[in-house]
Amino acid sequence: MPKIVDPEERRQAVAEAVFRVMERDGLEQASLRNVAAEADLAIGSVRHYFASHAELIVFAMRMMRERVTARLTAHVDRLQATSTRDDQREAVVRMLSEVLPLDEERRREAVVWLAFVTAARLRPELRADADELYRGLLSLTTRVLEGARRAGRLPRDADVEVEARRLCALLDGLSLQAVLHPASLDADSMLAVLRRHLTTLTSEGSD
């Protein structure tokens with residue numbers, strides 16, 4: 001009796017193969033042939049699920065974006081349930097650390113995502129998803145800071161729009177440095193920088 005293959009599971013498995021090839025060899029090596037070999041599939045099987053190389057890469061990029069977004073949004077309820085300033089700050093740290101390469105899984109994601117967004121500069125089919133993740137992170141940091149201001153934990157004259165962009169830039173910078181210079185920036189150092197930034201940002205607010 002032939003094995004029943006779930007199309008979505010197979011597409012996700014192929015996308016995971018894309019990630020492994022990209023991490024090891026770069027996006028330019030994630031051809032249909034190389035990805036098929038990595039997934040232990042015939043190239044015709046990959047073409048059955050993806051009409052073109054561009055469609056495969058867009059699917060993989062979108063899958064990673066949705067994975068990271070889901071992890072971030074899972075923290076929202078926990079953040080809203082905190083009450084003290086220290087608890088809320090730590091809840092924000094835990095949420096935002098989802099986009100930092102603090103462990104092997106997130107390091108792999110950072111390496112692959114950096115390859116995606118670098119390629120998106122010249123590949124229009126990738127631009128929308130690269131922009132969408134940035135807009136989502138910016139929206140999330142804006143909501144967090146607006147909530148802190150309403151709770152009196154930000155200075156009254158704080159420019160939330162500017163501070164949200166500054167926080168996003170900090171996260172991007174930490175991720176980039178950790179990918180490019182892993183021996184110089186470990187998980188504890190990244191968390192220390194993030195905590196220090198949030199502490200400085202909120203220290204002038206009042207309870």
Side-chain angles (χ1 to χ4, degrees), residues 1-76 95-142 164-165 168-169 171-182:
M1 185 174 181
K3 181 180 178 181
I4 298 175
V5 177
D6 182 290
E8 189 59 25
E9 287 185 3
R10 178 56 58 85
R11 285 164 66 86
Q12 291 179 7
V14 173
E16 292 289 351
V18 172
F19 300 153
R20 293 194 296 273
V21 172
M22 287 178 62
E23 181 191 12
R24 185 177 63 242
D25 303 317
L27 177 61
E28 64 277 4
Q29 294 301 316
S31 65
L32 288 176
R33 187 172 302 280
N34 289 342
V35 170
E38 182 69 28
D40 197 22
L41 294 170
I43 191 169
S45 295
V46 175
R47 288 197 174 112
H48 176 74
Y49 295 100
F50 300 98
S52 66
H53 179 259
E55 183 180 319
L56 168 60
I57 296 302
V58 168
F59 177 85
M61 187 176 190
R62 191 160 298 161
M63 191 173 102
M64 176 164 286
R65 174 175 63 80
E66 291 172 352
R67 177 185 297 174
V68 174
T69 299
R71 291 209 312 264
L72 284 167
T73 55
H75 287 268
V76 172
M95 178 174 65
L96 297 181
S97 67
E98 293 290 358
V99 301
L100 294 177
L102 301 180
D103 53 32
E104 185 59 25
E105 179 182 357
R106 283 175 284 184
R107 187 200 68 80
R108 288 181 61 242
E109 287 181 349
V111 169
V112 172
W113 189 256
L114 180 61
F116 273 138
V117 296
T118 301
R121 186 177 68 86
L122 299 175
R123 296 179 64 168
E125 69 272 19
L126 301 179
R127 172 51 56 191
D129 285 284
D131 289 345
E132 183 63 27
L133 184 62
Y134 176 75
R135 285 194 298 267
L137 184 59
L138 180 60
S139 175
L140 186 62
T141 55
T142 300
R165 292 187 182 280
C168 286
L171 295 169
D172 284 345
L174 288 173
S175 294
L176 179 62
Q177 289 182 21
V179 167
L180 297 181
H181 312 288

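Start at 1 with the first residue, then count along the sequence.
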For F116 and D129, what are the C-alpha separation, side-chain angles and deciding distance, and is it a side chain to side chain contact (heavy atoms under 4.5 Å, CB included)? CA-CA 9 Å; F116 273 138; D129 285 284; over 6 Å; no

Going through the distances and angles, do V68 and E98 end up as a side chain to side chain contact (heavy atoms under 4.5 Å, CB included)? CA-CA 7 Å; V68 174; E98 293 290 358; 5.6 Å; no

Checking side chain to side chain contact (heavy atoms under 4.5 Å, CB included) for the pair V14/E9: CA distance, chi angles, key distance, verdict? CA-CA 9 Å; V14 173; E9 287 185 3; over 6 Å; no

Verdict with reasoning, V18 to E38, per side chain to side chain contact (heavy atoms under 4.5 Å, CB included): CA-CA 8 Å; V18 172; E38 182 69 28; over 6 Å; no

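The shortest non-hydrogen separation linking L32 to H53 is N-CD2, 3.9 Å. Of all the heavy atoms in A39 and R20, the pair that sits closest is CA-NH2, 4.4 Å. In terms of heavy-atom proximity, A70 sits nearest to T73 at O-OG1, 3.1 Å. When all heavy atoms of P101 and A110 are compared, the pair lying nearest together is CB-CB, 4.0 Å. Contact detail for Y49 and P7: the closest heavy-atom pair is CE2-CA, 3.8 Å. Residues A30 and V21 share a closest heavy-atom pair of CA-CG1, 3.8 Å.
Rounded to the nearest 0.5 angstrom, E109 CD and F19 CZ are separated by 8.0 Å. Rounding to the nearest 0.5 Å places CG of D172 at 11.5 Å from CD of Q177. Taken to the nearest 0.5 Å, the CZ atom of R10 stands 6.5 Å off from the OG atom of S45. Taking CZ from R121 and OG1 from T118, the interatomic distance works out to 8.5 Å, rounded to the nearest 0.5 Å. Note that CD of E55 and CD of E125 are 11.5 Å apart. Values are rounded to the nearest 0.5 Å. Atom CG in L133 sits 10.0 Å away from atom CE in M64 (nearest 0.5 Å).
Partners of H48 according to the side-chain contact (heavy atoms from CB on, under 4.5 Å) rule, which considers only residues two or more places apart in sequence or in another chain, do not exist here. Under the salt bridge (charged side-chain N to carboxylate O under 4.0 Å, His left out) criterion, D131 pairs with R127, not counting sequence neighbours.
Looking only at distances, a side-chain donor or acceptor of R106 sits under 3.5 Å from a matching main-chain atom of S97. Checking side-chain atoms of S139 against main-chain N and O of R135 turns up no donor-acceptor pair under 3.5 Å.
Counting heavy-atom neighbours within 6.0 Å of R33 CZ, excluding the residue itself, gives a total of 12 or less.
The closest side-chain heavy-atom distance from T141 to L96 is below 4.5 Å. Two residues are said to be in side-chain contact when any heavy atoms from C-beta on lie closer than 4.5 Å; R107 and E23 meet this criterion. Taking the side chain as every heavy atom from C-beta outward, E132 and T69 never approach each other to under 4.5 Å. At a threshold of 4.5 Å between non-hydrogen side-chain atoms, the residues W113 and R65 count as touching.
Salt bridge status for E16 with R67: present, with a side-chain N to carboxylate O gap under 4.0 Å.
A cation-pi arrangement is found for R11 relative to F59, the charged atom lying closer than 6.0 Å to the ring centre and inside a 45° cone about the ring normal.
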